[in-house]
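Some notes on the structure that comes next.
Lettering of chains follows the sequences in order, A, B, ..., and the numbering in each one begins at 1.
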2 protein chains.
Amino acid sequence: MNAVNKDVQLFKNHLVQKRLKLTRQRETILEAFLKTDHITAEELYRKLSGRKQGRRLALATIYRTLNLLCEIGIGQQRHFDDNKTIYDNVLHKKHHDHLICNKCDKIIEFESPAIERLQEEMATRHGFTLHHHRLELYGHCIDWENCRDRQRAAPR
Amino acid sequence: MNAVNKDVQLFKNHLVQKRLKLTRQRETILEAFLKTDHITAEELYRKLSGRKQGRRLALATIYRTLNLLCEIGIGQQRHFDDNKTIYDNVLHKKHHDHLICNKCDKIIEFESPAIERLQEEMATRHGFTLHHHRLELYGHCIDWENCRDRQRAAPR
DNA sequence: ATATATTTTGAGAATCAGAATCAATATCAA
DNA sequence: TTGATATTGATTCTGATTCTCAAAATATAT
């Protein structure tokens, strides 16, 4: 059993636990989601609508399933500068923050224990107990080899 | 001429520069905005709609003027966890990040050169040139004296 | 001050991502 | 196979914000 199948199994177990049903749509969406790193509902919809089989998924089903994945902990919603929710496949990731290229929309994940420490210190200094945080760094790739094309929808 | 009048003057100069007109509505909105620290369009609308004078401002005008203030640099849009745009009166502020109480919606501003330095370092390490960033710390006030009531609209 | 050109306003329609509704369909356990 | 329950797709709805456009206001030239 390879890694992906293991993940699918994990998902199925969750469904059983929650008394939810395993449907063709959920399998399709999960499978596609696991192959990506970050994706929007719209992008996933376009990707799955194109398939020959003629199996059309409703956008609403994509949203529902993606949100289900988030409940289960396989995905996490992100809200970067554009106003579309990006679903982050966090199945094999630990906590991380993001570096986003404004030119090509590349998303790089990083972690910085040093920054986290300073954040905690800041919170404490102001009498706060921290629940979560959001750190996003926006800029652009210096290295043009990897920053040529806009990956998401082009702006008008 | 006190500080606020000076700010109003600054605004008027900007209008002249941009060949825009000084209207009663713009004055009203500016004046109210300058008295706040952070506010949403909706909140400002409610605040200004309640006045006796019977002068009703359209919500659209609030949005337009608030956005104008942002263009001029007097305000800045923020997007925290709820999906309403918060307009930050930054007239006499320098760059800062935010600490937000999930319980009472209090917003505390802070700056941390140490964190900024680490962010730059992170960006460089990944071959990025930074344009801007977003750092928001969410949690709750420990000190209950100052964290009693929800300030913004209560969640349903 | 008056006319004229230009901008702004208010009211409501449009937009857009995402959630809700609901009848028809699919899944699953007995 | 049945029947209870969950899910789907199609569509409508929502809520924040922007857009449209005729009417009103402001600035500028006379």
Side-chain angles (χ1 to χ4, degrees), chain A residues 11-30 38-46 48-49 51 53-72 75-87 152-156, chain B residues 11-30 38-46 48-49 51 53-72 75-87 152-156:
Chain A
F11 175 67
K12 290 181 179 175
N13 293 158
H14 271 293
L15 290 185
V16 172
Q17 261 180 243
K18 297 186 154 224
R19 267 193 209 71
L20 300 178
K21 293 174 179 172
L22 179 64
T23 62
R24 174 168 50 68
Q25 289 86 333
R26 282 180 177 161
E27 279 194 294
T28 306
I29 293 167
L30 173 70
H38 308 85
I39 197 162
T40 64
E42 185 62 38
E43 285 165 350
L44 194 49
Y45 178 63
R46 281 202 303 275
L48 294 179
S49 292
R51 47 181 49 196
Q53 350 254 270
R55 336 213 104 169
R56 311 238 140 236
L57 305 212
L59 185 51
T61 303
I62 307 267
Y63 275 108
R64 284 186 285 233
T65 306
L66 248 15
N67 288 336
L68 176 62
L69 292 176
C70 289
E71 279 169 39
I72 287 176
Q76 267 181 259
Q77 293 196 180
R78 310 279 179 206
H79 297 94
F80 297 154
D81 269 1
D82 65 28
N83 65 331
K84 282 122 167 273
T85 299
I86 290 174
Y87 293 83
R152 294 183 196 286
R156 176 80 1 186
Chain B
F11 175 68
K12 291 181 180 175
N13 292 158
H14 272 291
L15 290 184
V16 172
Q17 261 179 243
K18 297 184 153 226
R19 266 194 210 73
L20 299 179
K21 294 174 178 173
L22 178 65
T23 61
R24 171 169 50 70
Q25 290 85 332
R26 281 178 178 162
E27 279 193 294
T28 306
I29 294 167
L30 173 71
H38 308 85
I39 198 162
T40 65
E42 186 62 37
E43 285 166 349
L44 195 48
Y45 178 63
R46 282 203 303 275
L48 294 178
S49 292
R51 47 179 51 196
Q53 351 254 273
R55 333 214 105 164
R56 312 237 138 236
L57 306 211
L59 186 51
T61 304
I62 307 266
Y63 275 108
R64 283 186 286 232
T65 305
L66 247 15
N67 288 336
L68 176 62
L69 292 176
C70 289
E71 279 170 37
I72 287 176
Q76 267 179 253
Q77 293 196 181
R78 310 279 178 206
H79 298 94
F80 298 153
D81 268 0
D82 65 27
N83 67 329
K84 282 122 168 273
T85 300
I86 291 174
Y87 292 83
R152 295 183 195 285
R156 177 71 354 200

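One atom, CG of B/Leu59, and another, P of C/dG10, lie 11 Å apart when rounded to the nearest Å. Atom CD1 in B/Ile29 sits roughly 11 Å away from atom C1' in C/dT8 (whole-Å rounding). Going from atom CD of B/Glu27 over to atom C1' of C/dT9 covers 15 Å, rounded to whole Å. Rounded to an integer number of Å, the gap from B/Leu57 CG to C/dA11 P is 10 Å. At whole-Å resolution of the value, NE2 in A/His79 and P in C/dA17 are 13 Å apart. Between the C1' atom of C/dT6 and the CG atom of B/Leu15 lies a distance of 15 Å, rounded to the nearest Å. Whole-Å rounding puts the B/Arg19 CZ to C/dT6 P distance at 11 Å. The distance between atom OH of B/Tyr63 and atom P of C/dA14, rounded to the nearest whole Å, is 19 Å.
Every residue meeting the salt bridge (Lys or Arg N to Asp or Glu O under 4.0 Å) condition with B/Arg78, not counting sequence neighbours, appears here in chain and number order: B/Asp88. Qualifying ring-ring contact (aromatic ring centres under 6.0 Å, His included) partners for B/Tyr63, counting only residues two or more places apart in sequence or in other chains: none. Residues passing the side-chain contact (heavy atoms from CB on, under 4.5 Å) test with A/Arg64, sequence neighbours excluded: A/Ala60, A/Thr61. In this view, B/Phe11 satisfies the ring-ring contact (aromatic ring centres under 6.0 Å, His included) rule with no residue, not counting sequence neighbours. Residues that satisfy the side-chain hydrogen bond (donor to acceptor under 3.5 Å, both in side chains) test with A/Thr23, not counting sequence neighbours, are absent from this structure. Here B/Tyr45 pairs with B/Glu42, B/Ser49, B/Leu59, B/Ile62 under the side-chain contact (heavy atoms from CB on, under 4.5 Å) rule; sequence neighbours left out.
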List, one per line, each side-chain donor-acceptor pair under 3.5 Å for residues 13-22 of chain B, sequence neighbours excluded.
{"residue": "B/Lys18", "atom": "NZ", "partner": "B/Glu71", "partner atom": "OE1", "Å": "3.4"}

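Phosphate proximity of C/dG18 to A/Thr85: present, with a side-chain N or O under 4.0 Å from OP1 or OP2. Distances shown here put every side-chain N or O of B/Thr61 at or beyond 4.0 Å from the OP1 or OP2 atom of C/dT9. In terms of phosphate contacts, A/Asn83 brings no side-chain nitrogen or oxygen within less than 4.0 Å of OP1 or OP2 of C/dC16.
The structure places CD of B/Gln77 at 5.0 Å from OG1 of B/Thr85, a figure rounded to the nearest 0.5 Å.
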Exercise. Can you check each nucleotide of nucleotides 21-28 of chain C against protein heavy atoms at under 4.0 Å and return B for base, S for sugar-phosphate only, - for none, in 5' to 3' order?
Key: B-----BS
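Chain B approaches DNA chain D within less than 4.0 angstrom (heavy atoms of the protein), and the contacting nucleotides run 5' to 3' from D/dA16 to D/dA27.
B/Leu68 has its side chain within reach of B/Arg26: a pair of non-hydrogen atoms, C-beta onward, lies under 4.5 Å apart.
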